[in-house]
Amino acid sequence: MSSSKLNIYNTLTRKTEVFEPIAAPFVGIYLCGPTVYGEPHLGHVRGPVTFDILNRYLLHLGYKVRFVRNITDVGHLTDDSDDGDDKILKKAILEKLEPMEIAQKYTYSYHSMLNSLNVLPAGIEPRASGHIIEQISMIETLIEKGYAYESHGSVYFDVSAYSKNYQYGELSGRITEELLAGSSRRTLEGQEEKRSPNDFALWKKADKNHIMKWPSPWGEGFPGWHIECSAMSKKYLGEQFDIHGGGMDLLFPHHESEIAQSKGCTGHTPAKYWVHHNMITINGQKMAKSLNNGILVKDFFTGNHPLLERAYSPMNLKFFILQAHYRGTLDFSNEALQAADKGLERLITAMNTLQELKPSRKGWNADLWKQKCYDALNDDLNTPILIAHLFDAVKAINSIKAGLEIIDESDLDSLKKHFPLFVTDILGLQNTAMPSANNKENELIELLIHLRAKAKTEKNYALSDEIRNQLSNLGIELKDSKEGTTFSKK
RNA sequence: GGUCGGAUGGCCGAGUGGCUAGGCACGGGUCUGCAAAACCCUUUACACCGGUUCGAAUCCGGUUCCGACCUCCA
C-alpha cells in the first residue's frame with residue numbers, strides 16, 4: 001500500500017514493476033513523437049501529457065532525466081498502393097510548399113500545442129531527416145549480421161533470420177506463424193521484393209518523382225518507418241536505456257520492429273520499460289478522418305468545431321485527460337469536459353484559498369494525506385486517484401476556512417507546500433485563476449468591491465448588483481463570504 | 001480470423017474478494033438583501049449466464065457487445 005517506490009506497468013513483461021533505473025540517478029526516456037504533416041489533433045495530446053507527468057515526477061524524485069522525443073519529418077508511404085508519395089510529400093503538393101516547409105510549419109504547431117498545455121520541453125528533439133547517416137549505418141550493421149538483405153535498391157529486415165536467434169513478437173504477443181497467416185488476407189504491391197511478407201523495409205528505393213531522398217549504399221532512397229527511432233534512441237540514450245514510450249497503436253509493428261532492429265544490431269533490448277498510453281475516443285467512437293470526428297487541438301481553444309459546444313482552455317483539456325488513468329481508453333464528450341472544467345476551477349480556487357488559511361490546533365492530518373498522494377503516483381502514475389485525494393484536500397481547505405475543520409501549524413505548512421507541488425509541479429496544471437499581484441487592474445477591482453460594499457451597507461442594492469453584474473460581464477466574478485469579497489477572473 | 005484492451009450509477013471515471021473512490025449533474029438544507037461561492041445531507045452502480053466462496057464489481061468458465069492493431073498506417 002505505502003510502497004515508497006514508483007511502480008510502472010511494463011508492456012514487455014505485462015506486469016507492473018518497481019522502477020529501477022539502469023544507472024541511477026540518470027534516467028533515459030525516449031518517446032515516439034509525431035510525424036509533422038498536419039495540425040495536431042486530440043489524439044496527439046495524450047502522449048505528451050502522460051509522459052510529461054512521468055518526466056516531472058522523476059525529476060521531482062531527484063533523477064537526472066534525459067527526455068528524448070523525436071520529430072518524424074521523413075514521410076512514410078501514404079497507403080498500401082505504394083505510388084511513391086509519402087505523407088509529407090503529398091501534403092507539400094497540396095499546400096504548394098517544400099516538404100521541409102511542411103515539416104517546419106507543423107513542428108511549430110506541435111510546439112505551440114505543447115507550450116499551451118504546459119508540457120516541459122524535451123531535452124533533445126531529434127529529427128529523422130537529421131539522422132540519415134546513423135540510420136544507414138545501423139542498416140549496414142544489420143546486413144553484416146545477416147538480419148537484413150538488399151532487394152532492388154531497397155533493404156528489408158529478415159524476420160525469419162532474426163527469429164532463429166531471437167523472438168520476433170515478444171512485445172506485442174504475436175507469433176510469426178500467425179502473422180504469416182494473417183497477411184494472406186491482404187495483397188500488397190511491392191511484396192515480391194521481400195523474401196517473406198513479415199519482412200519490413202529498412203530502406204526504400206525512391207523513384208524519380210520522389211523529392212525526399214538521400215544517397216545510400218543502395219542508391220537514392222529514404223529510410224523505413226521504424227529505423228529512425230532505433231537509430232536516434234541509440235545515439236542519444238545508448239544501446240540500453242530506461243523507458244521507451246508511445247501510444248498503444250505503436251505497439252505493433254512499430255515498437256516490435258524497433259526491438260528487432262536494435263536487438264539484431266546490438267544484441268540487447270533497447271529499453272528496460274515499455275510504457276504505452278491508451279487512445280482517446282469521441283462519443284464512444286474512434287477518431288478517424290473517415291468519421292470526420294478528428295478535432296484539432298486549436299479547435300478546442302476556439303470552440304470552432306461542430307462537435308464542440310464551446311471553447312475549452314488548455315488546462316481544462318489537460319485536467320480532463322489526467323482524470324483518467326493513462327492505460328485506459330478515454331472517452332471525450334462535451335459533458336465530460338465541462339465537468340472537468342468545473343472541477344479544475346474548484347481545485348485552483350482552493351489552492352488560492354489555502355494561502356489565506358490560519359492554523360489553530362491539531363486536526364486535519366496533512367502527512368497522511370501527502371502519503372496517499374505519493375502512493376497514487378507510485379501506483380503506475382494513477383493520476384485519477386491522486387486527483388481524488390487532491391479533492392479531499394479541497395474539502396479540508398474549504399472546511400478549515402469555514403471554521404468546520406481545524407489544522408495545526410505543521411500540518412498547514414505541509415499542506416501549503418505539498419498541495420501546489422502536486423497540482424503545479426507534478427501534474428503541471430497552471431494556476432490561471434491566481435490574480436497577479438501589483439496590478440492596476442486588480443486595484444481597480446478592489447476599489448469597485450469597496451464601493452459595492454459601501455452601497456450594500458446603505459442598502460442600495462440596485463447599485464451593488466449593477467457593480468457585480470457589470471464586473472461579471474467583464475469576466476470578473478465576485479464571491480462574497482463572511483471575511484469579505486474576493487474575485488476571480490475567467 | 002488472430003493479438004491485445006475494454007464493458008461500473010444521469011455523464012466522466014477509480015477500484016482485484018468483505019470497509020462499497022473522486023469530479024460533474026440532479027434534489028434538499030445552512031449561509032446571503034438577492035445571487036454566486038462555500039459548507040452539510042442525499043441519489044447505491046458494476047453487460048449477461050453459470051460456478052467457487054460464509055461473502056464477488058473484484059476469482060473461474062461461457063456468452064454478448066465495443067475499441068485498437070494485424071507489415072510501411074501515426
Side-chain angles (χ1 to χ4, degrees), chain A residues 11 14 32-35 37-38 41 43-44 47 72 75-80 82 86-87 156-157 159 169 172-175 177-179 181-186 188 190-191 194 196-202 204 224-226 246-254 256-257 276 278-279 281 284-286 319-320 323-325 327-347 349-350 353 376 382-392 394-395 397-399 401-405 456 459 461 464-465 468-469 472 477-482 485-486 488:
Chain A
T11 313
R14 313 248 164 221
C32 284
T35 298
Y37 69 102
H41 57 71
H44 286 118
T72 296
H76 300 296
L77 299 179
T78 304
D79 53 35
D80 291 347
D82 189 4
D86 71 40
K87 285 193 162 188
Y156 295 95
F157 190 86
V159 172
S172 59
R174 283 155 212 264
I175 52 174
E177 290 70 33
E178 282 170 354
L179 289 172
S183 66
S184 64
R185 286 171 58 249
R186 290 174 135 195
L188 303 173
Q191 294 296 301
K194 300 182 187 177
S196 157
N198 279 338
D199 297 348
F200 54 88
L202 296 170
K204 196 81 179 164
W225 172 32
H226 317 301
M248 277 184 181
D249 53 341
L250 298 178
L251 235 149
F252 188 90
H254 186 58
E256 194 69 72
S257 302
H276 292 92
N278 216 136
M279 316 312 281
T281 57
Q285 277 191 306
K286 70 166 177 172
F319 187 67
F320 164 70
Q323 273 191 303
H325 184 78
R327 282 197 292 119
T329 52
L330 171 60
D331 191 48
F332 157 86
S333 67
N334 282 285
E335 208 179 350
L337 263 178
Q338 284 163 28
D341 191 30
K342 289 263 180 70
L344 176 62
E345 193 190 340
R346 227 180 118 217
L347 196 68
T349 304
T353 305
N382 200 329
T383 53
I385 293 288
L386 171 62
I387 289 169
H389 293 317
L390 291 177
F391 277 109
D392 286 343
V394 168
K395 193 167 182 173
I397 289 165
N398 290 328
S399 299
K401 196 194 175 194
L404 297 166
E405 174 70 90
K456 279 172 74 175
K459 300 215 187 295
Y461 297 125
S464 69
D465 287 356
R468 183 173 67 196
N469 293 339
S472 176
E477 300 292 339
L478 299 187
K479 291 170 190 169
D480 293 335
S481 74
K482 284 200 175 99
T485 302
T486 58
S488 65

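What you see below is based on every heavy atom in this structure, not just the backbone, and it leaves out hydrogens, waters and symmetry mates. Because the structure is predicted, anything quoted here is derived from the model rather than measured.
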Exercise. With sequence neighbours excluded, what pairs up with A:H325 under the ring pair (Phe, Tyr, Trp, His ring centres under 6.0 Å) test?
Worked result: none
Problem set entry | Whether A:H254 and A:H226 hold their rings parallel, tilted or perpendicular, with breakpoints at 30° and 60° |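 Rings of A:H254 and A:H226: tilted, 30 to 60°.
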Between the protein and nucleotides 36-39 of chain B, are there any N/O to N/O pairs under 3.5 Å, and if so, what are the atom names and distances?
{"from": "B:A36", "atom 1": "N1", "to": "A:D480", "atom 2": "N", "distance (Å)": "3.3"}
{"from": "B:A36", "atom 1": "N1", "to": "A:D480", "atom 2": "O", "distance (Å)": "2.7"}
{"from": "B:A38", "atom 1": "O3'", "to": "A:N398", "atom 2": "ND2", "distance (Å)": "3.0"}
{"from": "B:C39", "atom 1": "OP1", "to": "A:N398", "atom 2": "ND2", "distance (Å)": "2.5"}

What contact category does [X] fall into here, base, sugar-phosphate, or nothing, at under 4.0 angstrom with non-hydrogen atoms?
X	answer
A:H389	nothing
A:G33	sugar-phosphate
A:S464	base
A:N382	sugar-phosphate
A:F391	sugar-phosphate
A:A201	base

For this session: Could you please name the option among B:A21, B:G33, B:A74 that lies closest to any side-chain atom of A:P384?
Result: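 Side chain of A:P384 sits closest to B:A21.
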Are there any protein N/O atoms within less than 3.5 Å of an N/O atom in nucleotides 17-19 of chain B, and if so, which ones and at what distance?
none

Same-atom distance ([atom1]) from [N] to [M], integer angstrom:
N	M	atom1	answer
B:A45	B:G15	C1'	13 Å
B:C41	B:A35	P	22 Å
B:G17	B:C12	C1'	27 Å

Protein-nucleotides 4-12 of chain B N/O pairs under 3.5 Å:
{"from": "B:C11", "atom 1": "O2'", "to": "A:E335", "atom 2": "OE1", "distance (Å)": "3.4"}

Problem set entry | A:N334 CG to B:C24 P, straight-line distance once rounded to whole Å |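 Taking CG of A:N334 and P of B:C24, I get 18 Å after rounding.
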Exercise. With sequence neighbours excluded, what pairs up with A:A324 under the side chain to side chain contact (heavy atoms under 4.5 Å, CB included) test?
Worked result: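 Checked A:A324 against side chain to side chain contact (heavy atoms under 4.5 Å, CB included); matches are A:R46, A:L330.
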For this session: Using Watson-Crick or G-U wobble pairs with both distances under 3.5 Å, give me RNA chain B in dot-bracket, 5' to 3', with [ ] for crossers and | for pairs to another strand.
Result: (((((((..(((.....[...)))..((((.......)))).....(((((..]....))))))))))))....
Exercise. Start at the 5' end of RNA chain B and walk down; is the nucleotide closest to A:M279 or to A:A324 reached first?
Worked result: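 Of the two residues, A:A324 wins.
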Problem set entry | B:A25 OP1/OP2 closer than 4.0 Å to side-chain N/O of A:K342 |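 So the side-chain polar atoms of A:K342 do come within 4.0 Å of the phosphate oxygens OP1 or OP2 of B:A25, strictly under.
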